[in-house]
Amino acid sequence: MRTDLKLSLPIIFGIPWVLMSQLIAEMIFVGLVSYELDSDSDREWLGRAAGWVSAVAIGWAVTAFLSVGIGNLAYQNYFHYDLGRYITALGGVSGIATALLGMSGKTSATTDDNHQSWTAFVFNLLLSIVGPVFVAALIVGVSVALDRIMFGDTLLHALHAPSPTPPTIILYLVVGAVVALVVEITASKNVNINRFSLHAVYRNRLSRGYLGAARQARNPDSFTGFDDSDNIHVQRLWPPHATSDGQNTFGLFHVVNISLNVVEARRLAWQERKAEPFTVSARHCGSALKGFRPSCEYAGKKAGGITLGTAMAISGAAVSPNMGYYSSPSISLLLAFFNVRLGWWLGNPGSPGDNSYATEGPDFAIWPLLQEAFGLTTDGKRYVYLSDGGHFEDLGLYEMVRRRCRFIVVVDAGEDAHLAFDDLGNAIRKIYIDLGIRIDVTGLQDLRNRPPRAPVGQTPHIPYHAFGVIDYHAADGDGSGNGTILYIKPALHWTEPAGITSYAAAHQDFPHEITTDQWFTESQFESYLSLGFEITKDILGSKDILLPSKTQMTLRQLLAGLPETTRGDQTVPAPAAAAS
């Protein structure tokens, strides 16, 4: 064992020794010329270069130690069974632990660090440990497997064995590298990075569950139950189709809320958010920060543009290697390694995507995959990585305010049992930072759950909603009126019908159950649906909603699903509706 360690020292420390020698020479040079005038820029350049050189040296030493040093020990006869078993078990346990801890709501991405509990502290500490441990175990395992396949022994032993000779071993390594490169290039050119993921599984089920359910005439496949016609193109959503009697119809102009990931953000102010807003509508797809492209051309010009199912699946792609301000290095690498990727690569809607925005995704897979794995996504290249709208702003409020909508209905259905209003606070902050528009929401303190056994008659009415004022006037100047927000927050008052309260009694998290639960049971779905109707009736019967008649009519249609109406030969103007 000691001999093996001595043999591995040149491989482990050779490159770092040369690099650190260069760093020492640079330090001496900087010290000797420190009195030179106008030398600050030179020292800054050398300092940053030294940081990268140090990172390469440390990375080489750690990787070589794991693959050559520990890998060699793991292979030995007297270490092979015990150490190999332990490393395998450690890698498996750490991988599972990373996935479970990453999904926890107590990790730092979703918890206020100033008020985190001791359990959140422990979870964050464990998450920072188990991810690197999994990567280390993976490197050791791959190293041992490659040595076994190529040499039948460890690389160190093969180099010092009489046969094969070192030149032959080098030839093996070169041939192995060439074969790996050919396989990599072939796979990258022929495997579609978008379609070879979980996204299509998710999209097909969303399309069947919502788009297909809205169609009366379907021709599904007899085996899969899916019908390709369910997934219509986004451009067909507007204008609404006329009714059978030739009258125009009332309809929403849908705006799908998506996040454009910039985990490798070059704007220092964005180091926390790590994402930009991105929208898909019947007319255009893109971002106000990068630009917009016609929806009939974006993500597939020949096929008719992006489809609604794809946009919905991206908007709900909560589990992705890069997740905006939820991104974590440990989670990114693990999810990319196991191909747990719901996000989607599409052409940049800005000038870098002039030749790529009309394609269905990258034509070479390895580089986008590495960007996902190591958190290198940005907005300055030909393709951008899109994921859940909640990775930037979960309510869709940002884009509605940017469009200067005058009356906005916000339904906050996020997991928020303690009524901390995290999503609303996040939206208000970003709107003011980016758009310079203040939003003042009053009545949030009145939104709460009623205690289960509180006497109803002795408790004042608890609303499900609050109002907010959008101060367009201060941002846009004279001639611009302010906007209004109707903010709706699900709660349980125990005055709802028995179908709701009985479910709530058996499920204490209702109506704020974890949003990663995508498999609603019949009773669960019906309970949320019924609560929605109860909230709607309460809001429409509230005396504090004093709105113009047209707005009330529109609101009643939106919330209660009343029959579509027109006035004369004019279609009722369609309000925008954000979806996330």
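- Atoms OG and CG, from Ser320 and Asn261 in turn, are 7.5 Å apart once rounded to the nearest 0.5 Å.
- Annotation: side chain to side chain donor-acceptor pair (under 3.5 Å) contacts of Arg273 (sequence neighbours excluded): Asp434.
- To the nearest 0.5 angstrom, Trp238 atom CH2 is 14.0 Å from Ser295 atom OG.
- Atoms CZ and CG, on Arg208 and Asn231 in that order, are 13.0 Å from each other to the nearest 0.5 Å.
- Of the possible donor and acceptor atoms, one in the side chain of Arg205 sits under 3.5 Å from a partner among the backbone N and O of Val201.
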| task | Go through the steps to decide whether Ser315 and Asn257 satisfy the test side-chain hydrogen bond (donor to acceptor under 3.5 Å, both in side chains), and finish with yes or no. | result | CA-CA 6 Å; Ser315 180; Asn257 184 34; 5.9 Å; no
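- Ring geometry for Phe392 against Tyr398 counts as perpendicular: the plane angle is over 60°, on a 0 to 90° scale with 30° as the lower cut.
- Taking both residues in full, the closest heavy atoms of Val340 and Pro321 are given as O-CD, 3.7 Å, listed atom of the first, atom of the second, then distance.
- At least one side-chain heavy atom of Asn348 sits less than 4.5 Å from a side-chain heavy atom of Lys290.
- For Glu399, the salt bridge (Lys or Arg N to Asp or Glu O under 4.0 Å) partners are Arg402, Arg403, not counting sequence neighbours.
- Residues Val256 and Thr279 form no side-chain contact, since every pair of their non-hydrogen atoms from C-beta on lies 4.5 Å or further apart.
- In this structure a side-chain-to-backbone donor-acceptor pair under 3.5 Å is present from Ser197 to Asn194.
- When atom types are taken as modelled, the side chain of Asp416 and the backbone of Phe421 share a donor-acceptor pair closer than 3.5 angstrom.
- Applying the salt bridge (charged side-chain N to carboxylate O under 4.0 Å, His left out) test to pairs two or more places apart or on separate chains, none has a residue in residues 317-339.
- Rounding to the nearest 0.5 Å places CZ of Phe278 at 6.0 Å from CD1 of Ile258.
- The CD atom of Glu276 sits 4.0 Å away from atom CH2 of Trp270, with the distance rounded to the nearest 0.5 Å.
- In this structure Arg267 satisfies the salt bridge (Lys or Arg N to Asp or Glu O under 4.0 Å) test with no other residue, sequence neighbours excluded.
- Nearest heavy-atom pair across Glu360 and Trp344 is O-NE1, 4.3 Å.
- Pairs of residues two or more places apart, or lying in two chains, never qualify as ring-ring contact (aromatic ring centres under 6.0 Å, His included) while including a residue from residues 354-384.
- Side chain of His199 to backbone of Ala317: no donor-acceptor contact under 3.5 angstrom is found.
- The ring pair (Phe, Tyr, Trp, His ring centres under 6.0 Å) test applied to Phe292 returns no partner, not counting sequence neighbours.
- The side-chain hydrogen bond (donor to acceptor under 3.5 Å, both in side chains) analysis of residues 178-188, with sequence neighbours excluded, yields no pairs.
- For residues 219-233, every residue pair satisfying the salt bridge (charged side-chain N to carboxylate O under 4.0 Å, His left out) rule, not counting sequence neighbours, is listed here: Arg215-Asp227, Arg215-Asp230, Arg218-Asp230.
- At a threshold of 4.5 Å between non-hydrogen side-chain atoms, the residues Gln371 and Val263 do not count as touching.
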| request: With side chain to side chain contact (heavy atoms under 4.5 Å, CB included) as the test, would you mind laying out the steps for Leu198 and Asn339 before giving the verdict? | output: CA-CA 7 Å; Leu198 291 177; Asn339 202 31; over 6 Å; no
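- In terms of modelled atom types and a separation under 3.5 Å, the side chain of Ser356 and the main chain of Gly347 share no donor-acceptor contact.
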| query | Going through the distances and angles, do Val262 and Thr377 end up as a side chain to side chain contact (heavy atoms under 4.5 Å, CB included)? | reply | CA-CA 5 Å; Val262 287; Thr377 52; 5.9 Å; no
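- Residues Asp412 and Leu424 share a closest heavy-atom pair of OD2-N, 4.5 Å.
- A salt bridge is defined here as a Lys NZ or Arg NE, NH1 or NH2 lying under 4.0 Å from an Asp or Glu carboxylate O, and Arg341 with Glu372 meets this definition.
- Atom CG of Asn355 has 12 or fewer neighbouring heavy atoms from other residues, nucleotides or ligands inside a 6.0 Å radius.
- Glu393 contributes no side-chain N or O that, together with a main-chain N or O of Asn426, makes up a donor-acceptor pair within less than 3.5 Å.
- With sequence neighbours excluded, the residues satisfying side-chain contact (heavy atoms from CB on, under 4.5 Å) with Glu526 are Leu529, Ser530.
- Under the ring pair (Phe, Tyr, Trp, His ring centres under 6.0 Å) criterion, Tyr202 pairs with no residue, sequence neighbours left out.
- Residues forming a salt bridge (Lys or Arg N to Asp or Glu O under 4.0 Å) with Asp363 (at least two apart in sequence, or on another chain): none.
- By the side-chain contact (heavy atoms from CB on, under 4.5 Å) test, Pro294 is found to be paired with Cys296, Glu297, residues two or more places apart in sequence or in another chain being considered.
- Summarising the geometry of Ser327 relative to Met323, their closest heavy-atom pair is OG-N, 2.8 Å, with the distance given to 0.1 Å.
- Atom CZ of Phe196 has 12 or fewer heavy atoms from other residues, nucleotides or ligands within 6.0 Å.
- Counting only distance, with no hydrogens or angles, the side chain of Ser259 and the backbone of Asp388 share a donor-acceptor pair below 3.5 Å.
- Residues Pro349 and Ser287 share a closest heavy-atom pair of CG-N, 4.4 Å.
- For the atom pair Thr310 OG1 and His233 NE2, the distance stands at 8.5 Å (nearest 0.5 Å).
- Not one N or O on the side chain of Arg293 forms a donor-acceptor pair closer than 3.5 Å with the backbone of Tyr298.
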